[in-house]
Amino acid sequence: MHDIRALRTDPAGFDTAMARRGLAPLSAELLGLDAARRDQVTRQQDALTRRNELAKQIGTLKRKGEDTAALEDEARELRLFLDAFETQRFEIDDRLATLPNILDPDVPDGRDEADNVVLHQHGEPPRPNFAPKQHFELGEALGLMDFAAATKLAGARFTVLRGALARLERALGQWMLTLHATEHGYTETAVPYLVNAASMYGTGQLPKFEEDLFKTTDGRYLIPTAEVPLTNLVRDEIVPEAALPFRYTALSPSFRSEAGSAGRDTRGMLRQHQFHKVEMVSITRPEDSAAEHERMTGCAERVLTELGLTWRRVVLCAGDTGFSAAKTYDLEVWLPGQGAWREISSCSNCRDFQARRMNARMKPAEGKGNIFLHTLNGSGVAVGRALIAVMETHQQADGSILVPEVLRPWMGGLERIA
RNA sequence: GGAGAGGUGGCGGAGUGGUCGAUCGCGUCGGUCUCGAAAACCGAAGUACUCGCAAGGGUACCGUGGGUUCGAAUCCCACCCUCUCCGCCA
């Protein structure tokens with residue numbers, strides 16, 4: 001949600017900012033809608049003022065037993081006038097709700113992922129002396145990854161894992177969650193996986209991206225990421241400045257309808273309707289969010305490094321940055337089997353965009369007035385994709401998979417999946 | 001799912017049609033007193049929108065949304081949530 005005051009102050013700046021998102025100039029239209037809204041509010045309030053006066057007079061006169069018919073007639077007319085406003089929604093609010101966040105100045109221009117900029121890389125893609133297999137080839141050969149069974153149970157874009165691979169998936173989630181909770185200062189949090197529409201609106205999934213969500217018969221939604229419940233913890237709250245920052249982490253399933261991605265990544269478990277993810281969310285003072293963004297991304301990078309993966313940090317260009325984000329770093333991991341870099345984490349600074357939507361503020365230690373918080377979220381990291389990366393990176397010529405050292409305690413000491 | 005009770009300002013808790021944005025208590029902040037503190041006393045304190053250069057006005061908000069009325073915290077309807085009991089259930 002945008003600050004309408006900022007738009008009034010600097011409409012040209014707003015248009016420039018939206019142009020980076022590929023949007024035509026909107027400020028003139030929005031200011032017109034804003035003026036219309038204010039005009040309506042003023043007329044409505046004037047009528048209410050008069051109505052309150054009349055009601056007060058009528059009350060006084062009635063107590064004296066005097067005639068109030070004429071005043072009541074005027075009040076009745078006023079009510080008809082007011083009833084006309086009653087059901088009107090303000091178009092300006094609906095329009096603002098669908099406009100994406102303003103990008104940070106250091107976000108590079110660009111149209112799509114081809115224009116993203118690699119910032120740094122950890123390690124070099126391994127060059128094994130055999131032809132590396134993709135994760136689904138390895139998993140099916142081991143008899144521990146079963147797509148046919150998943151299709152029978154649920155349909156396309158689901159996976160059944162068995163035995164050591166199922167345990168490896170669990171070990172990854174447990175280890176990452178514990179790492180963030182014990183060494184990175186995030187509070188481990190268990191959250192609902194079904195949330196209401198207000199929560200989805202707060203983080204920006206609604207109203208624009210409903211088709212990406214699974215909706216239940218009672219009007220709730222399955223979370224597409226734990227970012228939604230974790231960030232909405234501060235919805236409609238006013239927190240004291242001294243309590244900040246809040247850092248939360250959760251291991252949760254994520255449900256995505258993947259509408260519009262038909263035909264993409266259909267093999268294997270790269271793109272699923274359901275996957276586990278460890279999420280990090282930070283709630284900060286405005287002046288702290290940029291540094292927190294770097295810190296959070298570093299926490300995700302540590303996960304990849306400790307798993308012995310090859311990765312790089314990419315800053316998303318203007319055209320690839322998500323709706324609610326002002327700036328996003330993606331972490332891409334090298335998948336030897338696929339021979340490609342694939343996103344495994346995404347860390348975003350949403351600044352005050354989500355906070356405005358969810359009315360999340362802080363009470364400053366000094367001075368008056370409440371200030372909108374800044375919110376950040378990042379995967380730390382996607383568990384399903386981490387499983388893929390571990391399998392493809394640590395596969396051996398015989399099709400077995402070495403378990404990374406850090407996971408062995410979580411695997412009952414198992415060193416190799418064969 | 002059934003029956004009942006209830007949702008009021010940071011908290012507790014009054015208020016059942018008209019000067020109620022809301023008595024009071026606690027807590028918070030400022031002050032007086034004190035060497036200092038406590039106690040006591042005095043005072044200040046909600047959020048948002050809107051008009052205005054400003055000073056300063058106005059409007060809305062008593063779970064949410066409708067309705068009745070000249071006028072709603074108060075009456076009616078629906079929904080949400082909490083608590084108690086019963087049933088069912090991981």
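Letters A, B, ... are given to chains in the order of the sequence lines, protein chains preceding strands, and every chain is numbered from 1.
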Given the P atoms of B/C70 and B/G65, what is the spacing between them in whole Å?
23 Å
If B/G4 has a Watson-Crick or G-U wobble mate with both distances under 3.5 Å, name it; if not, just say none.
B/C83
Pairing check on B/A55: which nucleotide meets the Watson-Crick or G-U wobble criteria with it, both distances under 3.5 Å?
none
Round to the nearest Å and state the distance from A/Arg235 atom CZ to B/U64 atom C1'.
13 Å
Mind checking who B/G9 pairs with, Watson-Crick or G-U wobble, both distances under 3.5 Å?
none
Phosphate oxygens OP1/OP2 of B/A48: is one of them under 4.0 Å from a side-chain N or O of A/Arg356?
no
In whole Å, what is the span from the CG atom of A/Asp218 to the P atom of B/C79?
15 Å
So, does A/Arg51 get its side chain near the phosphate of B/U59, meaning an N or O under 4.0 Å from OP1 or OP2?
no
When both hydrogen-bonding distances must be under 3.5 Å and the geometry is Watson-Crick or G-U wobble, what is B/U69 paired with, if anything?
none
Rounded to whole Å, the CZ-C1' distance (A/Arg50 to B/G58) equals 15 Å
Could you give the CZ-to-P distance, from A/Arg43 to B/C49, as a whole number of Å?
21 Å
Using heavy atoms to find the nearest nucleotide of RNA chain B for A/Asp39 and A/Thr49 separately, return the residue whose nucleotide is more 5′.
A/Asp39
Below 4.5 Å, heavy atoms only, C-beta onward: do A/Ile371 and A/Glu241 meet side chain to side chain?
no
B/G67 and B/A48, which share atom name P, separated by this distance in whole Å
27 Å
Watson-Crick or G-U wobble mate for B/U74, both contacts under 3.5 Å:
none
What's touching nucleotides 18-22 of chain B from the protein side, N or O pairs under 3.5 Å?
residue: B/G18; atom: N2; partner: A/Ala55; partner atom: O; Å: 2.7

Rounded to the nearest 0.5 Å, what's the gap from CZ on A/Arg313 to CG on A/Leu304? Could you check?
11.0 Å
With respect to the side chain of A/Leu48, which nucleotide from B/U50, B/A60, B/U47 is positioned closest?
B/A60
Tell which nucleotide pairs with B/A60, taking only Watson-Crick or G-U wobble pairs whose two distances are both under 3.5 angstrom.
B/U47
Looking at A/Asn52, does any N or O in its side chain come under 4.0 Å of the phosphate oxygens OP1/OP2 on B/G71?
no
In whole Å, what is the span from the CE atom of A/Met362 to the P atom of B/U47?
15 Å
Flag side-chain contact, heavy atom, 4.5 Å: A/Tyr248 against A/Val191
no
In whole angstroms, the gap separating P of B/U64 from CG of A/Asn196 amounts to 16 Å
With nearest nucleotides of RNA chain B determined for A/Asn359 and A/Val41 from heavy-atom distances, which residue corresponds to the more 5′ nucleotide?
A/Asn359
Starting from P on B/G58, measure out to CG on A/Asp46 and report it in whole angstrom.
12 Å
Taking the side chain as everything from C-beta on, heavy atoms only, tell me whether A/Leu213 gets closer than 4.5 Å to A/Lys215.
no
Quick one: pull up CG in A/Leu61 and CD in A/Glu72 and give me the separation to the nearest 0.5 Å.
10.0 Å
Residue-level proximity of residues 70-79 of chain A to RNA chain B when a heavy atom falls under 4.0 Å
A/Glu72, A/Ala75, A/Arg76, A/Arg79
Can you check the distance between B/G30 and B/U68, where both ends of the measurement are the P atom (answer in whole Å)?
50 Å
Could you work out the separation of B/A60 and B/C20 based on their C1' atoms and round it to a whole Å?
15 Å
Do A/Val383 and A/Leu251 have side chains that get closer than 4.5 Å, going by heavy atoms?
yes
Using the side chain to side chain contact (heavy atoms under 4.5 Å, CB included) rule, pick out the option among A/Asn370, A/Asp236, A/Ile238, A/Val234 that qualifies with A/Asn359.
A/Asp236
Keeping A/Arg285 on the side-chain end and A/Leu244 on the backbone end, is there a donor-acceptor pair under 3.5 Å?
no
What distance, rounded to whole Å, do you find between the two C1' atoms, one in B/G17 and one in B/G9?
22 Å
Residue matched to B/C88 through Watson-Crick or wobble contacts both under 3.5 angstrom
none
B/G7 and B/G12, which share atom name P, separated by this distance in whole Å
12 Å
In whole Å, measure the gap between the C1' atoms of B/C81 and B/U23 for me.
28 Å
Taking atom types as modelled and ignoring hydrogens, do the side chains of A/His180 and A/Thr249 form a donor-acceptor contact shorter than 3.5 angstrom?
no
Atom CZ of A/Arg220 to atom C1' of B/C80: distance rounded to whole Å?
10 Å
Paired with B/C41 by Watson-Crick or G-U wobble geometry, both distances under 3.5 Å: which nucleotide is it?
B/G31
Ring centroid separation A/Phe323 to A/Phe353 under 6.0 Å:
yes
Does a salt bridge link A/Asp265 with A/Arg271, judged by any charged N lying under 4.0 Å from a carboxylate O?
yes
Would you please say whether a donor-acceptor pair under 3.5 Å links the side chains of A/Asp46 and A/Thr49?
no
Using atom C1' in both nucleotides, what's the gap between B/G52 and B/U59 to the nearest angstrom?
15 Å
